[in-house]
Undergrad: 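The structure's right below; bear with me while I get my questions together.
Sequence positions, counted from 1, serve as the residue numbers for this chain.
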Amino acid sequence: MTYHPKSDFMRVMIERGFLADCTDYQALDEAFLTGVVPGYIGFDATATSLHVGSLIQIMMLRWLQKCGGKPIVLMGGGTTKIGDPSFRADERPLLTDAQIDANIAGIKRAFSPYVTFGEGVHDAIMVNNAEWLDGLNYIGFLRDIGKHFSVNRMLSFESVKSRLDREQSLSFLEFNYMILQAYDFLELNRRYGCVLQMGGSDQWGNIVNGVDLTRRVVDHEVYGLTSPLLTTSDGKKMGKSQNGAVWLNADLLSPYEFWQFWRNTTDADVGRFLKLYTDLPIEDCDRLGALQGAEINLGKIALANAVTTLLHGAEAAAAAEATAREVFEKGGVGDDLPTLTLSPAELAQGITIAQLFVRAGLAATGKDAKRLITEGGARMNDDPVLDAGLRIGAGELAEPLKLTAGKKRHALVILG
């Protein structure tokens, strides 16, 4: 990325690693210098909470507001009834109106720590696309909007091609999704003067369609900007832990477990995640991310504290750190806990978590270990173990691994 931005927003997007692509870097940069830029990101209401995989988009809206723009949070009350087919292998189950409304109510809670809602010129607003999609006159919509879409071009988008190449069914219902998302941009431009749509890079095709449609129908200059699809340095999809989704709502995942997720970040990701998921100055992110050896743990704690403070508040972050210290340090992550040392050779094929509990002396037999896991009494680094067949390799032992049986029996596993 060689473009040198003039606006604070574009500078932040580039410096902190948010920018994958943009329909017109220079024109969007200039727009931020000449007035308030309303920008939106859409979120489909498929669950009662968003998870960490959506946090990069939420942070983009946060920076948009901090840099003088106006965030529009678009809830997909209408589009959720169809489901986004982008890069999915199958069709989403259809939800009822009541389920979608309940999900939107849950998701709303995740945004208030990050953006300020209100009536002011820079204040965020939350909009539901059911407002305009539910009442569409289908024939009129096809005549007025459908004529702007080439089926040849729609079939060329990677999100559609990948489904067709695998000879997996793509329903006509799903095929309409990109037209409706494009129509969202047009409606937001008409209603709120919105000139920017942001999203993950898997949304590029949908975003470009919205930009084109808005220019064709109302002849307004609008822009699209995407963020990289984030994976951890070991190739895992961001937002998933070994025990499932890392939810943002505290009723689905405790602040302590949320803190632990960030504390367990891989060494190589610390600097990058500090830039993306916190407000810490770039210099601090670079300094903490460059720490070596055991000192990188200071960077991980800084990351966990900063991200947890943003979502759950400073008290929750401090309590999580204190609990972690109590368990790991005062509980004696050293001599006080029984320690199992495994060689790299023993881990060449990986070892199941059930076997690990037996080897560490926390279960008498493999059968006992499986029963402990099934009954919810097994934990790894304080996270519940849900799969007795989970395999542990040398990569998971870059730092000591703590196993817990019940409430009070602990053991450490280290790489020798």
Side-chain angles (χ1 to χ4, degrees), residues 12-19 50-63 66 110 113-114 227-250 253-329 333 380-383 395-402:
V12 166
M13 289 297 102
I14 293 168
E15 281 184 356
R16 300 189 81 96
F18 285 103
L19 188 58
L50 298 176
H51 59 66
V52 162
S54 297
L55 196 49
I56 191 167
Q57 267 71 55
I58 296 174
M59 288 299 293
M60 289 167 82
L61 289 172
R62 178 177 174 81
W63 281 111
K66 283 165 72 82
Y114 294 95
S227 61
L229 282 188
L230 210 63
T231 55
T232 56
S233 58
D234 52 5
K236 291 175 183 166
K237 191 174 178 182
M238 190 62 187
K240 304 281 184 178
S241 71
Q242 283 157 325
N243 302 301
V246 181
W247 299 107
L248 301 184
N249 288 14
L253 188 80
S254 73
Y256 174 67
E257 290 172 296
F258 184 78
W259 188 94
Q260 276 291 349
F261 170 78
W262 296 99
R263 170 64 181 82
N264 293 333
T265 295
T266 307
D267 294 6
D269 290 327
V270 173
R272 183 167 60 127
F273 285 4
L274 281 163
K275 289 177 187 173
L276 289 170
Y277 297 111
T278 81
D279 292 342
L280 293 177
I282 288 281
E283 315 80 70
D284 292 350
C285 300
D286 287 335
R287 177 179 54 79
L288 290 164
L291 295 172
Q292 298 294 314
E295 281 198 329
I296 192 65
N297 291 322
L298 298 174
K300 294 181 183 183
I301 290 169
L303 172 67
N305 283 340
V307 181
T308 306
T309 296
L310 270 180
L311 179 60
H312 295 298
E315 283 187 22
E321 184 184 1
T323 302
R325 190 179 298 118
E326 189 74 30
V327 172
F328 279 89
E329 293 174 14
V333 171
M380 181 174 72
N381 286 345
D382 294 330
D383 287 330
E396 282 77 27
L397 292 175
E399 291 183 26
L401 192 69
K402 191 183 77 159

Undergrad: Name all pairs fulfilling the ring pair (Phe, Tyr, Trp, His ring centres under 6.0 Å) condition that reach into residues 290-310, sequence neighbours left out, sorted by first residue then second.
TA: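 Pairs touching residues 290-310 that pass the test: none.
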Undergrad: With sequence neighbours left out, write down each residue that passes salt bridge (Lys or Arg N to Asp or Glu O under 4.0 Å) with Lys300, or none if nothing qualifies.
TA: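 Lys300 satisfies salt bridge (Lys or Arg N to Asp or Glu O under 4.0 Å) with Asp267, Glu399 only.
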Undergrad: According to side chain to side chain contact (heavy atoms under 4.5 Å, CB included), who are the partners of Ala250, at least two apart in sequence or on a separate chain?
TA: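 Partners of Ala250 by the side chain to side chain contact (heavy atoms under 4.5 Å, CB included) criterion, ordered by chain and then number, come out as Pro255, His312.
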Undergrad: Contact between Tyr114 and Leu311 at the side-chain level, heavy atoms closer than 4.5 Å - yes or no?
TA: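 With C-beta onward as the side chain, the pair touches.
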Undergrad: Apply side-chain hydrogen bond (donor to acceptor under 3.5 Å, both in side chains) to Glu321 and list each qualifying residue two or more places apart in sequence or on a separate chain.
TA: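 Here the qualifying residues are Asn305, Arg325.
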Undergrad: Minimum heavy-atom separation for Arg16 to Leu280, with atom names?
TA: NH2-O, 2.8 Å
Undergrad: Please report the closest heavy-atom contact between Arg272 and Leu230, naming both atoms and the distance.
TA: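 That closest heavy-atom pairing would be NH1-CD1, 3.2 Å.
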Undergrad: Who passes side chain to side chain contact (heavy atoms under 4.5 Å, CB included) against Pro228, sequence neighbours left out?
TA: Ala20
Undergrad: Run the side-chain hydrogen bond (donor to acceptor under 3.5 Å, both in side chains) test against Thr266 and tell me which residues pass, sequence neighbours left out.
TA: none
Undergrad: If you look at every heavy atom in Tyr277 and Val307, which pair is closest and at what distance?
TA: O-CG2, 3.7 Å
Undergrad: What I'd like to find out is whether the side chain of Phe261 reaches to under 4.5 Å of the side chain of Asp383, using heavy atoms alone.
TA: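 In short, these two side chains do not touch, never coming nearer than 4.5 Å.
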Undergrad: For residues Ala110 and Asn249, report the shortest heavy-atom separation together with the two atoms involved.
TA: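 Nearest pair, atom of Ala110 first, then Asn249: CB-OD1, 3.9 Å.
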Undergrad: If you measure from CG on Leu253 to NE2 on His51, what distance do you get to the nearest 0.5 Å?
TA: 12.0 Å
Undergrad: Holding to salt bridge (Lys or Arg N to Asp or Glu O under 4.0 Å), I want the full list of residues that pass it with Asp279, two or more places apart in sequence or in another chain.
TA: Arg62, Lys66
Undergrad: Could you list the residues that satisfy side-chain hydrogen bond (donor to acceptor under 3.5 Å, both in side chains) with Thr278, not counting sequence neighbours?
TA: none
Undergrad: Excluding sequence neighbours, so at least two apart, what forms side chain to side chain contact (heavy atoms under 4.5 Å, CB included) with Asp286?
TA: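 For Asp286, the residues satisfying side chain to side chain contact (heavy atoms under 4.5 Å, CB included) (neighbours in sequence not counted) are Lys275, Ile282.
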Undergrad: Would you indicate whether the side-chain heavy atoms of Met380 and Leu401 approach each other to under 4.5 Å?
TA: yes
Undergrad: Does one side chain, of Gln57 or Ser54, offer a donor that lies under 3.5 Å from an acceptor on the other?
TA: no
Undergrad: Check side chain to side chain contact (heavy atoms under 4.5 Å, CB included) between Thr265 and all other residues, then give those that pass, not counting sequence neighbours.
TA: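 Checked Thr265 against side chain to side chain contact (heavy atoms under 4.5 Å, CB included); matches are Trp262, Asp269, Val270, Phe273, Leu303.
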